[in-house]
Asks: 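Sending over a structure as structure tokens; questions will come in a sec.
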Amino acid sequence: MPTSPVRIAGASGFWGDRNDALLDQVRGGPVDFVLLDYLAEITMSILRVKKLRDPNAGYAGDFVKAMKPALGDVVARGVRVVTNAGGMNPRACAEALAQLAREQGHAGLAIGLVEGDDVADQLGALAEAGAESSASPGALANMDTGAAFSTIRERVMSANVYLGADPIAEALRQGAQIVVTGRCTDSALALGPLLFRHGWRADDWNRRAAGVVAGHVIECGGQASGGNFAGGWESVPDLANLGYPIAEVEANGDFVVTKHPGLGGLVNAAVVKEQLLYEIGDPRAYQTPDATVDFTSFTLTDEGNDRVRIAGVRGAPPPRHLKVSISYQDGWTNAVGLTFVWPHAIERAQATERLLLERAAKLGIQIDEHHVDWIGVNGAHGPMAPRPEQEPNELLFRMAIRTRDRDSAKRFGEEIAPLVLSGLPGACSGLLTGRPEPRPIVNFWPALVPKDAATPRVEVIRA
């Protein structure tokens, strides 16, 4: 078991994050591993739609873009990269990376592929295995609402289990320098390398929990090194050159959060605490497939010089089930936007809402739900926003509808252009877009499945 800390760098917190952060992390100083997190529930839904359109799509293409300028340094420095960019199609992502490696002269590069999170074909059997009715939701009931799975069963588009860190560790043991996964927990991207390098036992819940916390801190990219810092953003230097976070994890599980010197950003106790509180639910029982973590158990010490130490993490066995992210088709949406300027901007926005609803009723456009924002007045705070004492100079009127009928969504979009001549004054100069097109609504359904519902598959392919 190595005695020196394992340096794991975070380089992406979501699909759309800075592509140059990977190069900064690899070139900015010594690191052993770099993780890139791309997945959120909405991301999986988007990737599913892309794969339906193109069987070779369905992964986060930004990963390959980020790797293009960095691959030579990754190979030369022996840095290992772990990512969940595979999304809905990890094999296609791995193959795209292999093609890039061959083009750059890195033939033979070992790429680990972790599959097995896709359980869409098993949902029918899983649902039938448990009694389900409106009175007793049974198997695959919605974790948030308790609703029965039968209410969406015919509209399911995808189902992916959150895998843990052990398949990633296995791919590294098999010699992979880069590991591509589909849906796994964000923290697994850090814990997998730690299991591989530190050799922690399968039942060492405290160390596994520490690895989960380390992964949780750095998986959101620059948010743990001064980005999006609500506690004093004015004090964060050089955000345009933000250095992303690094976790230096010791064999006993204690670790230091830091960043490369020479890059912008800030790592202090307040910054790290904000990230620690991000998306954890019950702080005494943060559940993952790898361990259950008590976020109240550890200490946090600001050592100065962009170094924060976390020590004493306590953990317990993981839950008996795995979480599954199910996406389903939930109707159609369309949105229109107009600007209104002083005078009487609010009154004309209100009148435009009434006008569009009356037009929809006359034309038989089905609207199940609609929402209106006056951006510049209540766009951020909604009904909690006070009515301004003075008439605003300008506002953006945005009205969105939800409907089960695609044709209704399309016809609603066709009602925006006529407002130029047939609506309230000012619309001619305020029209923001052409005719908006309807978009499908893909909704999220969280549920639980037995652990044996998913069988991870690990493979190493060569470029």
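This one's a predicted model, so the numbers in the text were calculated from it and none came from an experiment.
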Asks: Any idea which heavy atoms bring Ala57 and Asn89 closest together, and the distance?
Replies: O-ND2, 2.8 Å
Asks: Quick check: are there more than 12 heavy atoms from other residues, nucleotides or ligands sitting under 6.0 Å from NZ of Lys323?
Replies: yes
Asks: By the definition side chain to side chain contact (heavy atoms under 4.5 Å, CB included), identify the one residue from Val212, Leu322, Leu163 that meets it with Pro289.
Replies: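 Among Val212, Leu322, Leu163, the one that satisfies the side chain to side chain contact (heavy atoms under 4.5 Å, CB included) with Pro289 is Leu322.
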Asks: Quick one: CG on Asn56 to SG on Cys93, what's the gap to the nearest 0.5 Å?
Replies: 12.5 Å
Asks: Does Ser4 offer a backbone N or O that forms a donor-acceptor pair with the side chain of Glu250 under 3.5 Å?
Replies: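 Between the backbone of Ser4 and the side chain of Glu250 there is no qualifying donor-acceptor contact (under 3.5 Å).
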Asks: Do you know which two heavy atoms are closest between Asp306 and Gly265, and how far apart they sit?
Replies: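 The pair with the smallest heavy-atom distance is OD1-O, 4.4 Å.
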Asks: Not counting sequence neighbours, which residues clear ring pair (Phe, Tyr, Trp, His ring centres under 6.0 Å) with Phe298? List them please.
Replies: Phe295
Asks: Is it the case that the side chains of Asp17 and Tyr244 hold a donor-acceptor pair, with the cut-off being a distance below 3.5 Å and no angle test?
Replies: yes
Asks: Using modelled atom types only, decide if a donor and an acceptor are shared between the side chain of Arg7 and the backbone of Pro30 within a distance under 3.5 Å.
Replies: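 Yes, Arg7 side chain to Pro30 backbone: donor-acceptor pair under 3.5 Å.
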Asks: Let me confirm one number: the OH-CG distance from Tyr162 to Asp186, rounded to the nearest 0.5 Å.
Replies: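 Answer rounded to 0.5 Å: 8.0 Å.
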Asks: If the threshold is 4.0 Å, N to carboxylate O, is there a salt bridge linking Arg208 and Asp166?
Replies: yes
Asks: Considering residues, nucleotides and ligands other than Lys273, do more than 12 of their heavy atoms fall under 6.0 Å from its NZ?
Replies: no
Asks: Ignoring hydrogens and angles, tell me if any N or O in the side chain of Asn378 forms a donor-acceptor pair with the backbone of His381 under 3.5 Å.
Replies: no
Asks: So which atom in Ile401 and which in Ile367 form the shortest heavy-atom distance, rounded to 0.1 Å?
Replies: CG2-CD1, 3.9 Å
Asks: Look at the side chain of Arg155 and the backbone N and O of Thr151, then say whether any donor-acceptor pair between them is shorter than 3.5 Å.
Replies: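 Yes, because the side chain of Arg155 sits within donor-acceptor range (under 3.5 Å) of the backbone of Thr151.
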Asks: Does any part of the side chain of Pro193, heavy atoms only, come nearer than 4.5 Å to the side chain of Leu172, both counted from C-beta?
Replies: yes
Asks: Evaluate the side-chain proximity of Trp445 to Val324: yes if any heavy-atom separation is below 4.5 Å, no if none is.
Replies: no
Asks: Between Gly182 and Asp117, what is the shortest heavy-atom contact and its length?
Replies: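 Shortest heavy-atom contact: CA-OD1, 4.0 Å.
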Asks: Between Glu95 and Gln99, do the side chains contain a donor N or O and an acceptor N or O under 3.5 Å apart?
Replies: no
Asks: Let me see the working for Val377 and Phe397 under side-chain contact (heavy atoms from CB on, under 4.5 Å), right down to the final yes or no.
Replies: CA-CA 10 Å; Val377 175; Phe397 166 84; over 6 Å; no
Asks: Look at the side chain of Lys50 and the backbone N and O of Asp54, then say whether any donor-acceptor pair between them is shorter than 3.5 Å.
Replies: no
Asks: Nearest 0.5 angstrom please: His106 NE2 to Ile111 CD1, how far?
Replies: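 Spacing of NE2 (His106) from CD1 (Ile111) equals 11.0 Å.
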Asks: With side-chain contact (heavy atoms from CB on, under 4.5 Å) as the test, would you mind laying out the steps for Asp121 and Val119 before giving the verdict?
Replies: CA-CA 5 Å; Asp121 291 342; Val119 296; over 6 Å; no
Asks: Determine yes or no for a side-chain-to-main-chain donor-acceptor pair under 3.5 angstrom, with Glu248 supplying the side chain and Thr258 the backbone.
Replies: no
Asks: Taking Arg183 first and then Glu115, would you say they form a salt bridge - that is, a charged N and a carboxylate O separated by under 4.0 Å?
Replies: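 The answer is no: the pair does not qualify as a salt bridge.
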Asks: Per the side chain to side chain contact (heavy atoms under 4.5 Å, CB included) rule, which among Leu22, Leu189, Asp62 passes with Leu36?
Replies: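 Exactly one candidate clears the test, Leu22.
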Asks: Could you tell me which residues satisfy side chain to side chain donor-acceptor pair (under 3.5 Å) with Asn305, sequence neighbours excluded, listed by chain and number?
Replies: none
Asks: Test your reading of the model: is there a side-chain donor-acceptor pair from His216 to the backbone of Gln275, 3.5 Å cut-off?
Replies: yes
Asks: In sequence, state the C-alpha distance, the side-chain angles, and the governing distance for Thr83 and Tyr59, and then conclude on side-chain contact (heavy atoms from CB on, under 4.5 Å).
Replies: CA-CA 11 Å; Thr83 183; Tyr59 61 90; over 6 Å; no
Asks: Can you establish whether the number of heavy atoms outside Leu52 located under 6.0 Å from its atom CG is more than 12?
Replies: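 Atom CG in Leu52 is crowded, with more than 12 foreign heavy atoms closer than 6.0 Å.
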Asks: Is the closest side-chain heavy-atom distance between Val308 and Val271 below 4.5 Å?
Replies: no
Asks: Please enumerate all residues that pass salt bridge (Lys or Arg N to Asp or Glu O under 4.0 Å) together with Arg439, with sequence neighbours excluded.
Replies: none
Asks: Has the side chain of Trp200 got a donor or acceptor atom that lies under 3.5 Å from a matching backbone atom of Trp205?
Replies: no
Asks: Would you say Val272 and Ile310 make side-chain contact, with heavy atoms under 4.5 Å?
Replies: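 The answer is yes; the side chains approach within 4.5 Å.
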Asks: Determine, for Arg402 against Asp330, whether the closest basic-nitrogen to carboxylate-oxygen distance falls under 4.0 angstrom.
Replies: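 Salt bridge present between Arg402 and Asp330.
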Asks: Does any non-hydrogen side-chain atom of Met67 lie less than 4.5 Å from one of Leu97?
Replies: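 Yes, close enough: below the 4.5 Å cut-off.
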Asks: List the atom of Ala66, the atom of Asn19, and the distance in Å for their closest heavy-atom pair.
Replies: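 Smallest interatomic distance, heavy atoms only, reads CB-O, 3.6 Å.
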Asks: Atom CD1 of Ile441 and atom OG of Ser327: how far apart are they, to the nearest 0.5 Å?
Replies: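 Ile441 atom CD1 to Ser327 atom OG measures 13.5 Å (nearest 0.5 Å).
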Asks: Does the distance from a Lys or Arg side-chain N to an Asp or Glu carboxylate O, for Arg153 and Glu128, drop under 4.0 Å?
Replies: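 Result for this pair is yes, salt bridge flagged.
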Asks: Let me confirm one number: the NE2-CE distance from His370 to Met399, rounded to the nearest 0.5 Å.
Replies: 4.5 Å
Asks: Which distance, rounded to the nearest 0.5 Å, do you find between the CG of Leu47 and the OG of Ser158?
Replies: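 Answer for the CG-OG pair, Leu47 versus Ser158, is 9.5 Å.
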Asks: In terms of side-chain geometry, is the basic nitrogen of Arg284 or Asp282 positioned less than 4.0 Å from the acidic oxygen of its partner?
Replies: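 Looking at Asp282 together with Arg284, the answer is no, because their closest N to O distance does not fall below 4.0 Å.
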Asks: Using a strict 4.0 Å threshold on nitrogen-to-oxygen distance, state whether Asp294 and Arg314 make a salt bridge.
Replies: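 Looking at Asp294 and Arg314, the cut-off is not met.
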Asks: Set out, in order, the CA-CA distance, both residues' side-chain angles and the distance that settles side-chain contact (heavy atoms from CB on, under 4.5 Å) for Phe444 and Ser45, then state yes or no.
Replies: CA-CA 8 Å; Phe444 172 60; Ser45 299; 5.7 Å; no
Asks: Answer yes if the side chains of Thr185 and Thr288 hold a donor-acceptor pair under 3.5 Å, and no otherwise.
Replies: no
Asks: Using a 3.5 Å distance criterion without hydrogens, assess whether the side chain of Gln177 forms a donor-acceptor pair with backbone atoms of Val79.
Replies: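 Looks like yes, one N/O pair under 3.5 Å.
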Asks: What is the minimum heavy-atom distance between Pro319 and Thr292, and which atoms define it?
Replies: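 Taking every non-hydrogen atom into account, CD-OG1, 3.8 Å.
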Asks: Does Glu234, at its CD atom, have more than 12 non-hydrogen atoms belonging to other residues, nucleotides or ligands within less than 6.0 Å?
Replies: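 Yes, enclosed.
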Asks: Are Arg80 and Asp32 within salt-bridge range, i.e. N to O under 4.0 Å?
Replies: no
Asks: Is Gln122 reaching over with its side chain to a backbone N or O of Ala453, donor-acceptor style, under 3.5 angstrom?
Replies: yes
